[in-house]
Amino acid sequence: MNWSVFEGLLSGVNKYSTAFGRIWLSLVFIFRLLVYVVAAERVWSDDHKDFDCNTLQPGCTNVCFDHFFPVSHIRLWALQLILVTCPSLLVIMHVAYREAKAQRLREAGGHSCRRIYTDPGKKRGGLWWTYLLSLIFKAGVDVVFLYIFYRFYRNYTLPRLVKCELPPCPNVVDCFISRPTEKNIFTLFMVITACVCIVLSLVEAAYLIGKR
């Protein structure tokens, strides 16, 4: 993991964010990304290997695991973190476009040329809309993924024991999940932080609209 890339992204986005946006970034990069990389990946690394069923029927364990875990928590969280941070990059790209456009005008007309942007990073005009839409998109991504997690894993919890009777299992077999309590704690933590990020994005959007 190249932390210098995330550090540069964090400092670049912070430069153009409001106070709510800086809090949102801190939650995402410290409480979600770091927890994901440092702890969550290790907790779920043995989920398939240690998924035990009380049968020796070939293929039964694999079928039952695929039924109860259609998509891994880790892969869903990785996709969620990627999608939720992309809008912040769009804001930086929009500011960079403004600065490049102003630079081209200065080179073409000299220093006496009228400045098209007094402050390229100030949230006005198109940049205001880009920033507002990025907040709505970030909140929407978190809401969608919370719904996906709820559909796949009811109440965001994993049971200690699941009963499976899918072919080729010979009968109803008992299957046991590895470290369900620890996984439930991490899942609850990620869900709570996602809810806080949703609230912060909506509050920041309301703040921008009210200020304008």
Side-chain angles (χ1 to χ4, degrees), residues 1 3 6 20 23-88 135-204:
M1 179 64 67
W3 293 109
F6 291 104
F20 298 106
I23 298 173
W24 181 91
L25 281 169
S26 299
L27 281 175
V28 169
F29 282 90
I30 297 176
F31 292 99
R32 294 174 70 174
L33 182 64
L34 285 180
V35 169
Y36 170 83
V37 173
V38 174
E41 277 189 317
R42 297 182 182 180
V43 173
W44 268 268
S45 62
D46 59 353
D47 54 350
H48 184 270
K49 181 180 66 175
D50 293 341
F51 183 79
D52 295 326
C53 297
N54 59 350
T55 180
L56 297 178
Q57 176 67 32
C60 178
T61 301
N62 289 336
V63 170
C64 293
F65 181 84
D66 182 68
H67 176 72
F68 290 105
F69 299 93
V71 183
S72 171
H73 286 69
I74 290 298
R75 291 175 178 84
L76 279 176
W77 279 330
L79 183 60
Q80 181 181 9
L81 287 171
I82 291 171
L83 292 178
V84 85
T85 52
C86 282
S88 298
L135 295 175
I136 297 173
F137 182 83
K138 289 187 291 189
V141 167
D142 277 333
V143 169
V144 169
F145 274 89
L146 285 177
Y147 175 76
I148 292 174
F149 273 107
Y150 180 80
R151 293 289 297 176
F152 284 167
Y153 308 103
R154 187 68 62 178
N155 296 326
Y156 307 107
T157 58
L158 297 174
R160 298 177 181 274
L161 168 69
V162 294
K163 294 185 177 292
C164 179
E165 51 183 340
L166 299 172
C169 298
N171 47 37
V172 179
V173 298
D174 295 333
C175 296
F176 302 90
I177 299 171
S178 170
R179 296 187 286 188
T181 302
E182 190 175 9
K183 291 178 179 178
N184 285 333
I185 292 173
F186 275 104
T187 302
L188 183 62
F189 178 83
M190 297 297 275
V191 168
I192 291 175
T193 52
C195 291
V196 174
C197 287
I198 292 172
V199 173
L200 285 173
S201 295
L202 296 178
V203 169
E204 188 177 10

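Sequential numbering from 1 along the given sequence is applied to the chain's residues. For clarity, every value in this text was computed on a predicted model and none was experimentally measured.
More than 12 heavy atoms of other residues, nucleotides or ligands shown are found within 6.0 angstrom of CG on Leu161. More than 12 heavy atoms of other residues, nucleotides or ligands shown are found within 6.0 angstrom of CD on Gln57.
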- Message: Using side chain to side chain contact (heavy atoms under 4.5 Å, CB included), reason through Thr187 and Trp77 one step at a time and then give a plain yes or no.
- Response: CA-CA 10 Å; Thr187 302; Trp77 279 330; 4.0 Å; yes
- Starting from the C-alpha separation in whole Å, work towards a yes-or-no answer on side chain to side chain contact (heavy atoms under 4.5 Å, CB included) for Lys163 and Asp174. CA-CA 5 Å; Lys163 294 185 177 292; Asp174 295 333; 2.7 Å; yes
- Message: Show, in sequence, the C-alpha distance, side-chain angles and deciding distance for Phe69 and Ile177, and conclude whether the side chain to side chain contact (heavy atoms under 4.5 Å, CB included) test is met.
- Response: CA-CA 10 Å; Phe69 299 93; Ile177 299 171; 3.6 Å; yes
- Item | Trace of the side chain to side chain contact (heavy atoms under 4.5 Å, CB included) decision for Phe145 with Leu83 | CA-CA 10 Å; Phe145 274 89; Leu83 292 178; 3.8 Å; yes
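Inter-residue side-chain proximity for Thr61 and Cys175 is flagged as unmet; no heavy-atom pair is nearer than 4.5 Å. Leu166 is not listed as a side-chain neighbour of Phe68, based on a closest heavy-atom distance of 4.5 Å or more. Phe152 places a side-chain heavy atom less than 4.5 Å from the side chain of Leu76. Residues Val162 and Cys64 fail the side-chain proximity criterion, which asks for heavy atoms closer than 4.5 Å. Within the 4.5 Å cutoff, the side chain of Phe189 has heavy atoms near those of the Val35 side chain. For the pair Trp24 and Leu135, the minimum side-chain heavy-atom distance is 4.5 Å or more. Side-chain contact between Gln80 and Val144 is absent, with no heavy-atom pair separated by less than 4.5 Å. For the pair Leu146 and Cys195, the minimum side-chain heavy-atom distance is below 4.5 Å.
The ring of His73 has its center closer than 6.0 angstrom to the ring center of Tyr153. You'll find the ring centres of Phe51 and Phe176 outside the 6.0 Å limit.
The structure places CD1 of Ile148 at 8.0 Å from CG of Leu79, a figure rounded to the nearest 0.5 Å. Taking SG from Cys86 and CG from Leu81, the interatomic distance works out to 10.5 Å, rounded to the nearest 0.5 Å. Considering OH of Tyr147 and CZ of Arg151, their distance stands at 4.0 Å, rounded to 0.5 Å. Between atom CG of residue Leu25 and atom CG of residue Leu200 there is a gap of 10.5 Å, rounded to the nearest 0.5 Å. Between the CZ atom of Phe186 and the CG atom of Leu158 there is a distance of 13.0 Å, given to the nearest 0.5 Å. The CG atom of Asp142 sits 4.5 Å away from atom CZ of Arg32, with the distance rounded to the nearest 0.5 Å.
Here the options are Cys53, Cys60, Cys164, the test is disulfide bond (SG atoms under 2.5 Å apart), and the partner is Cys169; only Cys60 passes.
When all heavy atoms of Ile198 and Ala139 are compared, the pair lying nearest together is CG1-O, 4.0 Å. Of all the heavy atoms in Pro168 and Val63, the pair that sits closest is CD-CG2, 3.8 Å. The two atoms that bring Tyr156 and Asn184 nearest to each other are O-OD1, 4.2 Å, heavy atoms only.
Side-chain atoms of Asn54 never come within 3.5 Å of backbone atoms of Val173 as a donor-acceptor pair (strictly under, hydrogens ignored).
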